[in-house]
Number of protein chains: 2
Amino acid sequence: MNVSAKPERTRLSAEDWEDAALRLIADQGVGALAVEALARQLGVTKGSFYWHFRTREALLQAALERWEQYGEREVISQIEAMPDPRARLPELFRRVAHEIAPHRVYAALLKALDHPQVVPVMARVSQRRMEFLTTIYREAGLPPPEALNRARLTYAAYVGFLQLNFTLGLPRISHEEFDAYVEHMITTLTPG
Amino acid sequence: MNVSAKPERTRLSAEDWEDAALRLIADQGVGALAVEALARQLGVTKGSFYWHFRTREALLQAALERWEQYGEREVISQIEAMPDPRARLPELFRRVAHEIAPHRVYAALLKALDHPQVVPVMARVSQRRMEFLTTIYREAGLPPPEALNRARLTYAAYVGFLQLNFTLGLPRISHEEFDAYVEHMITTLTPG
DNA sequence: CAATAACCATACGCTTGAGTATGGATGCTC
DNA sequence: GAGCATCCATACTCAAGCGTATGGTTATTG
């Protein structure tokens with residue numbers, strides 16, 4: 001069982017706190033991560049929290065590590081399993097474009113790059129993703145140095161899109177228009 | 001005269017506080033904007049601050065408006081003055097890429113999109129810049145709908161670059177490598 | 001069914017930072 | 001140079017949020 005979403009009034013584990021922390025981060029950012037607020041949301045008090053964690057920092061650290069591991073392993077492996085290398089890029093783009101939920105934590109952490117704790121995590125995650133992108137571009141036929149730069153460009157476009165669209169609410173784009181944008185992006189950034 | 005940089009011990013004006021606020025924002029982000037810290041940095045105490053501003057929010061608001069107006073008018077007008085439309089894009093790219101200082105406030109505000117006060121300012125500024133970009137792309141020969149999408153893509157790449165490079169310190173790229181990246185970006189995103 | 005461990009509540013102390021009250025110092029103006 | 005407006009210092013209050021101390025409750029185990 002172990003339904004850890006709503007106040008089921010069962011006793012809490014450290015993981016429950018970490019999940020709640022990630023949810024709160026996705027919703028309101030790292031700055032809003034306060035122990036008393038979290039406790040209220042979980043239907044308990046601080047007394048519970050300080051049994052599971054030594055400090056607020058410890059919770060943030062644990063939540064970040066949890067998020068980093070939970071990772072996007074499935075996406076990467078699924079894309080890698082595709083036989084045709086040229087088909088991987090468009091598929092990756094469309095996938096990322098239409099699954100917004102998993103990117104909300106990443107977008108929130110992007111706005112928290114002043115906190116020393118999130119920097120190394122984001123550095124590792126971003127690095128891994130960009131290496132993956134670089135490989136895909138090489139397998140799609142780009143010479144190594146160009147593949148690297150193209151990956152940088154693509155990933156920057158991804159990050160910027162996150163900020164501009166569901167952090168800032170820039171011109172609330174319609175569904176059709178959004179799809180057109182994605183296709184434009186694919187044709188512009190895909191070699192050949 | 002009015003040298004408003006170092007503690008010249010002259011009396012302060014509201015504009016001095018706003019400039020100091022912008023400097024602090026560029027350095028440490030909006031979250032670090034505290035009145036007592038600012039006062040220390042200016043060599044005075046809170047007593048001074050609360051004469052010029054009614055509240056901390058008021059200072060942030062004034063600083064943001066000041067920044068928005070101060071704007072990047074020169075850049076835009078200089079680019080617009082170039083006779084050959086096709087030459088404008090590369091010039092704009094290279095310019096933006098090599099003048100880091102003016103973008104530090106923008107990058108800091110990008111990380112503060114949870115604060116309700118900065119959202120409308122950033123929305124307006126980003127909107128204006130993207131419209132400018134769209135115009136340039138149209139004048140460079142792209143049909144209107146594509147010009148808009150290309151502008152979105154380009155601006156997203158810009159925003160993402162800010163985050164990834166001098167907020168997160170992603171792979172400290174060398175000068176030559178950076179120039180190569182900029183050129184790659186130009187050839188990839190420039191039509192024709 | 002004790003007894004021990006795991007979990008949580010209540011009540012406190014401490015620090016930080018915003019905002020207020022008030023009086024003193026400095027400049028301007030007639 | 002007397003008087004008013006401008007600018008700043010000092011000394012508070014108040015709320016938020018982290019962390020601690022301590023005792024109570026629920027589960028678990030021998």
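It should be emphasised that the depicted structure is a prediction, and the values quoted were computed from it without experimental measurement. Both backbone and side-chain heavy atoms feed into the values below; hydrogens, waters and symmetry mates do not.
- Arg66(A) has a carboxylate O that lies under 4.0 Å from a charged side-chain N of Asp19(A), or vice versa, which qualifies the two as a salt bridge.
- Remark on DNA chain C: of its neighbouring residues Ala34(B) and Gly47(B), the 5'-side contact belongs to Ala34(B), judged by nearest-heavy-atom nucleotide.
- The interatomic distance linking Leu12(A) (CG) with dA9(C) (C1') rounds to 13 Å, in whole Å.
- Using a 4.0 Å cut-off, some side-chain N or O of Thr55(A) falls inside it from OP1 or OP2 of dG19(D).
- Checked for salt-bridge contact, Arg94(B) and Glu183(B) meet the test: a charged N lies under 4.0 Å from a carboxylate O.
- Phosphate contact (OP1/OP2 of dC8(C), side-chain N/O of His52(A), threshold under 4.0 Å): present.
- Distance, Arg40(B) CZ to dC8(D) C1': 16 Å, rounded to whole Å.
- Separating the CG atom of Leu60(A) from the P atom of dG17(D) is a distance of 16 Å, rounded to the nearest angstrom.
- Rounded to an integer number of Å, the gap from Tyr50(A) OH to dT22(D) P is 17 Å.
- Nearer to the 5' terminus of DNA chain D, by closest-nucleotide assignment, is the contact made by Trp17(B) (compared with the other of Trp17(B) and Val35(A)).
- Between the CG atom of Leu42(B) and the P atom of dA9(D) there is a distance of 10 Å, given to the nearest Å.
- Considering all non-hydrogen atoms of both residues, Val44(B) and Ser48(B) come closest at CG2-CB, 4.0 Å.
- Following rounding to the nearest Å, Asp16(B) (CG) and dT6(D) (C1') show an atom-to-atom distance of 14 Å.
- For an aromatic pair to be called close, the ring centres must be under 6.0 Å apart, and Phe161(A) with Tyr158(A) fails this.
- Checked by distance alone, Arg11(A) brings no side-chain donor or acceptor within 3.5 Å of a matching partner on the base of dA27(D).
- Lys46(A) places its NZ atom 11 Å from the C1' atom of dC14(C), with the value rounded to the nearest Å.
- Interatomic distance, His103(B) NE2 to Leu162(B) CG, rounded to the nearest 0.5 Å: 7.0 Å.
- When each of Trp51(A) and Glu36(A) is assigned the nucleotide of DNA chain C with its nearest heavy atom, Trp51(A) is the one assigned upstream, toward the 5' end.
- Straight-line distance from the CD atom of Gln28(B) to the C1' atom of dG17(C): 15 Å, rounded to whole Å.
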